[in-house]
> 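One structure coming up, written as structure tokens, with questions to follow.
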Amino acid sequence: MLSRSIVVQSLRSIRNRFFDTRRQRNEQSDGQGPGNDVTGPSLDNLPVDMQFIIMTFLSPQDLCRLGGTSTYWRSMVRDPVLWKYFLLRDMPLWQSVYHLSVPQVKLTGSAVLDDSKLQLDYMAEYLRVCPACRNQWRHQPRVFESVTSFFQSLVPVSELQFAMLGPGLDQLEISLMDTIMCSPHVLPVAGLPQRQIDGIGSGISFKYKDQHRLNIATLYSTNRLEHLSLRSKLFVYEDDIESNIPVSINPMFNPVCQAVNGFIFVVNAEKERGTDQGWEEESAQIRVILDPEVGAVSRPILVLSCVSRETADRCRIPCVTVAHQLQLSTLTNPWIVQDTAAETLSGMLDGIDWLLRHSGVKL
């Protein structure tokens with residue numbers, strides 16, 4: 001995380017350069033420069049550290065509007081150090097990140113590539129990846145897309161099928177599936193009898209928002225009473241090797257993964273899980289289920305960055321860290337990481353909306 005003193009120092013140098021240039025222009029035009037850099041009651045008169053504090057309270061949209069008020073504020077607002085500070089400050093608080101908005105900056109404060117080589121525009125990067133900004137600038141359909149959507153609405157959509165798996169189903173104190181079963185927004189329409197996908201897999205048909213039917217096959221990797229360090233039963237591992245990195249899907253579950261329209265991968269995002277434990281294994285699991293030999297290419301995956309309860313102090317691993325640890329930016333499939341609390345399903349409904357859209361459903 002950048003310190004505030006570094007940002008203020010950068011802003012002060014921009015301010016000094018700006019008024020030095022103005023003074024030189026004035027001296028060239030009338031032979032004498034002004035006695036002071038700025039005069040009169042103005043936001044420009046405030047010390048740089050106070051200007052910085054004011055900018056920290058502004059939204060990205062308000063900062064852009066401030067930059068349009070004068071050449072001075074345009075120079076200040078365009079400072080890359082300022083936007084890098086905002087990016088590193090706000091990334092841990094974002095509740096979702098997806099394949100088109102993954103930041104090119106790590107939470108450690110260093111760019112994925114060296115700044116001198118990348119020449120990263122931190123202002124443009126912030127506006128590209130910030131959830132509030134990307135929701136505001138979401139693509140509006142063209143006329144022909146609206147017509148296509150209308151004709152698609154006339155064709156009955158078959159029940160979409162998703163496979164839900166991941167260590168978050170087994171490791172969390174509160175069962176995410178139990179909460180889904182009791183949610184008024186995601187209602188079971190098949191009753192308690194178990195449904196099957198192509199003859200394999202236990203699943204229950206749901207009706208989402210009284211409109212979309214979807215079948216979620218829940219693939220538990222271990223028994224909740226078993227030790228958490230056991231290998232997942234969903235995958236096949238190399239013989240005579242103690243590594244937990246899977247090489248393929250268990251043939252028993254292969255037909256399920258071939259039949260589904262997408263995946264829901266539940267990750268344990270509680271900080272108690274540790275920083276590095278299990279990430280490599282979970283990343284390998286995602287790549288195995290998305291292997292083109294298993295099913296259709298480009299199937300979307302919703303990664304639920306899940307904790308048991310959403311506490312006031314937000315004791316969870318940020319979703320951008322989850323995306324980085326799982327190396328999702330290297331995938332060719334559409335993906336999203338969505339913060340979720342198993343107790344309330346907060347955030348999960350937004351994730352389902354995204355999953356339905358990328359599965360061909362017009363919402």
> Walk me through whether Asn215 and Leu160 qualify under side chain to side chain contact (heavy atoms under 4.5 Å, CB included).
CA-CA 6 Å; Asn215 184 286; Leu160 292 175; over 6 Å; no

> If you define the side chain from C-beta out and look only at heavy atoms, does anything of Tyr98 sit under 4.5 Å from Val337?
no

> Listed by chain and number, what are the salt bridge (charged side-chain N to carboxylate O under 4.0 Å, His left out) partners of Asp62, not counting sequence neighbours?
Arg65

> Check Leu165, Asn333, Leu331, Val267 against Ile286 for a side-chain contact (heavy atoms from CB on, under 4.5 Å) and give me the one that passes.
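With Ile286 as partner, side-chain contact (heavy atoms from CB on, under 4.5 Å) holds for just one option, Leu331.
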
> By the rule that ILVMFWY residues connect when side-chain heavy atoms come within less than 4.5 angstrom, directly or transitively, which residues belong alongside Val236?
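Direct or chained contacts put Val236 with Val247.
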
> Between Lys84 and Glu125, does at least one N-O distance fall below 4.0 Å, as a salt bridge requires?
no

> So, Arg89 side chain and Thr56 main chain: donor-acceptor pair closer than 3.5 Å or not?
yes

> For Leu66, is there any backbone N or O sitting under 3.5 Å from a side-chain donor or acceptor partner on Thr69?
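It does hold such a pair.
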
> Between Ile249 and Asn254, which heavy-atom pair has the shortest distance, and what is it?
CG2-N, 3.9 Å

> Report yes if some heavy atom in the side chain of Leu46 is under 4.5 Å from a heavy atom in the side chain of Leu43; otherwise report no.
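Sidechains of Leu43 and Leu46: in contact.
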
> Side-chain heavy atoms under 4.5 angstrom apart, residues restricted to Ile, Leu, Val, Met, Phe, Trp, Tyr: same cluster for Phe162 and Val297?
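No, it is not one cluster - the side chains of Phe162 and Val297 are not joined through contacts under 4.5 Å.
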
> Arg17 versus Ser13: any side-chain heavy-atom pair under 4.5 Å?
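Arg17 vs Ser13: side chains touch.
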
> Starting from Met181, can I reach Leu345 by hopping between I/L/V/M/F/W/Y residues whose side chains sit under 4.5 Å apart?
yes

> Work out which heavy atom in Trp335 is nearest to a heavy atom in Ser329; give both atom names and the distance.
CZ2-N, 4.1 Å

> To the nearest 0.5 Å, what is the distance between CG (Asp79) and CZ (Phe86)?
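Nearest 0.5 Å value for the CG-CZ distance: 9.5 Å.
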
> From Asn250 CG over to Leu234 CG, what is the distance, rounded to the nearest 0.5 angstrom?
7.5 Å

> When you measure from the side chain of Ser359 to the backbone of Leu355, do you find a donor-acceptor pair of N or O atoms at a distance under 3.5 Å?
yes

> Between Thr218 and Met164, is there a donor-acceptor pair closer than 3.5 Å when you use the side chain of the first and the backbone of the second?
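Here the side-chain-to-backbone pair does not exist.
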
> Using side-chain heavy atoms (C-beta onward) and a distance below 4.5 Å, is Thr344 in contact with Glu310?
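Answer no - side chains too far apart.
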
> From Leu302 CG over to Phe263 CZ, what is the distance, rounded to the nearest 0.5 angstrom?
12.5 Å

> Any side-chain heavy atom of Leu172 within less than 4.5 Å of one from Cys306?
yes

> Distance-only, no hydrogens or angles: does the Arg316 side chain make a donor-acceptor pair with backbone N or O of Asp339 under 3.5 Å?
no

> Please state whether the rings of His99 and Trp354 are parallel, tilted or perpendicular, taking 30° and 60° as the class boundaries.
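Judged by the thresholds at 30° and 60°, the geometry between His99 and Trp354 is perpendicular.
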
> Same cluster or not: Leu58 versus Trp94, using hydrophobic residues (I, L, V, M, F, W, Y) connected whenever any side-chain heavy atoms lie under 4.5 Å apart?
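Same cluster.
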
> Do Asp20 and Arg23 sit within salt-bridge range, that is, some charged N less than 4.0 Å from a carboxylate O?
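Between Arg23 and Asp20 there is a salt bridge, with a charged N closer than 4.0 Å to a carboxylate O.
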
> Hey, does the side chain of Arg128 reach the backbone of Val102 with a donor-acceptor pair shorter than 3.5 angstrom?
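Pair found, side chain donor or acceptor close to backbone of Val102.
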
> I'd like to know whether Gln161 forms a side-chain hydrogen bond (donor to acceptor under 3.5 Å, both in side chains) with Asn261, so could you lay out the CA-CA distance, the side-chain angles of the two residues, the decisive distance to 0.1 Å, and finally the verdict.
CA-CA 5 Å; Gln161 300 168 340; Asn261 303 98; over 6 Å; no

> Looking at Ala342, is its backbone amide N or carbonyl O close enough to the side chain of Thr179 to form a donor-acceptor pair, meaning the two atoms are under 3.5 Å apart?
yes

> Is there a donor-acceptor pair under 3.5 Å between the side chain of Ser101 and the backbone N or O of Val97?
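Checking the backbone N and O of Val97 against the side chain of Ser101, no donor-acceptor pair under 3.5 Å is found.
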
> For Arg287 and Thr330, which I'm curious about, is there any donor-acceptor pair between the side chains at under 3.5 Å?
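Result is yes, a qualifying pair exists.
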
> Can you find a heavy atom in the side chain of Arg78 that is under 4.5 Å from one in the side chain of Asp121?
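A side-chain contact under 4.5 Å exists here.
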
> Work out which heavy atom in Phe253 is nearest to a heavy atom in Lys233; give both atom names and the distance.
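Shortest heavy-atom contact: CE1-O, 3.7 Å.
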
> With a 3.5 Å distance limit and no angle check, can you tell me whether Gln338 reaches the backbone of Gln95 through a side-chain donor-acceptor pair?
yes

> Would you say the side chain of Met123 lies within less than 4.5 Å of the side chain of Leu63, judging by non-hydrogen atoms?
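Sidechains of Met123 and Leu63: no contact.
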
> Determine whether Ile54 and Trp83 fall in the same hydrophobic cluster, where Ile, Leu, Val, Met, Phe, Trp and Tyr are linked whenever their side-chain heavy atoms lie under 4.5 Å apart.
yes

> Please step through side chain to side chain contact (heavy atoms under 4.5 Å, CB included) for the pair Trp73 and Met55, ending with a clear verdict.
CA-CA 11 Å; Trp73 282 109; Met55 287 190 284; 4.1 Å; yes

> Show, in sequence, the C-alpha distance, side-chain angles and deciding distance for Cys64 and Leu127, and conclude whether the side chain to side chain contact (heavy atoms under 4.5 Å, CB included) test is met.
CA-CA 10 Å; Cys64 293; Leu127 299 178; 4.1 Å; yes

> Evaluate side chain to side chain contact (heavy atoms under 4.5 Å, CB included) for Trp279 paired with Val322, printing each intermediate quantity in order.
CA-CA 9 Å; Trp279 289 115; Val322 172; 3.9 Å; yes

> So, for Tyr237 and Asn244, which heavy atoms are closest and what is the spacing to 0.1 Å?
CE2-O, 3.0 Å

> How many angstroms lie between CG in Asp44 and OG in Ser70, if you round to the nearest 0.5 Å?
5.5 Å

> For residues Val307 and Ile264: do they belong to one hydrophobic cluster (side chain heavy atoms under 4.5 Å, members Ile, Leu, Val, Met, Phe, Trp, Tyr)?
no

> Could you tell me whether a side-chain N or O of Arg299 sits under 3.5 Å from a main-chain N or O of Val260, the two making a donor and an acceptor?
yes

> Can you establish whether the number of heavy atoms outside Met177 located under 6.0 Å from its atom CE is more than 12?
yes

> For Gly347 and Thr340, which heavy atoms make the closest approach, and how far apart are they?
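Closest approach of Gly347 to Thr340, heavy atoms only: C-OG1, 4.2 Å.
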
> Can the ring centres of Phe57 and Phe52 be said to be less than 6.0 Å apart?
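Not close enough - the centres of the two rings lie 6.0 Å or further apart.
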
> CD of Glu238 to CD1 of Ile245: how many Å apart, nearest 0.5 Å?
10.0 Å

> Would a 4.5 Å heavy-atom cut-off, applied to side chains only, mark Leu87 and Val129 as touching?
yes

> Quick one: closest heavy-atom pair of Phe265 and Glu282, and the distance?
CZ-O, 4.0 Å

> Drop me the distance from Asn268's CG to Ser308's OG, to the nearest 0.5 angstrom.
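Separation between the atoms: 7.5 Å.
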
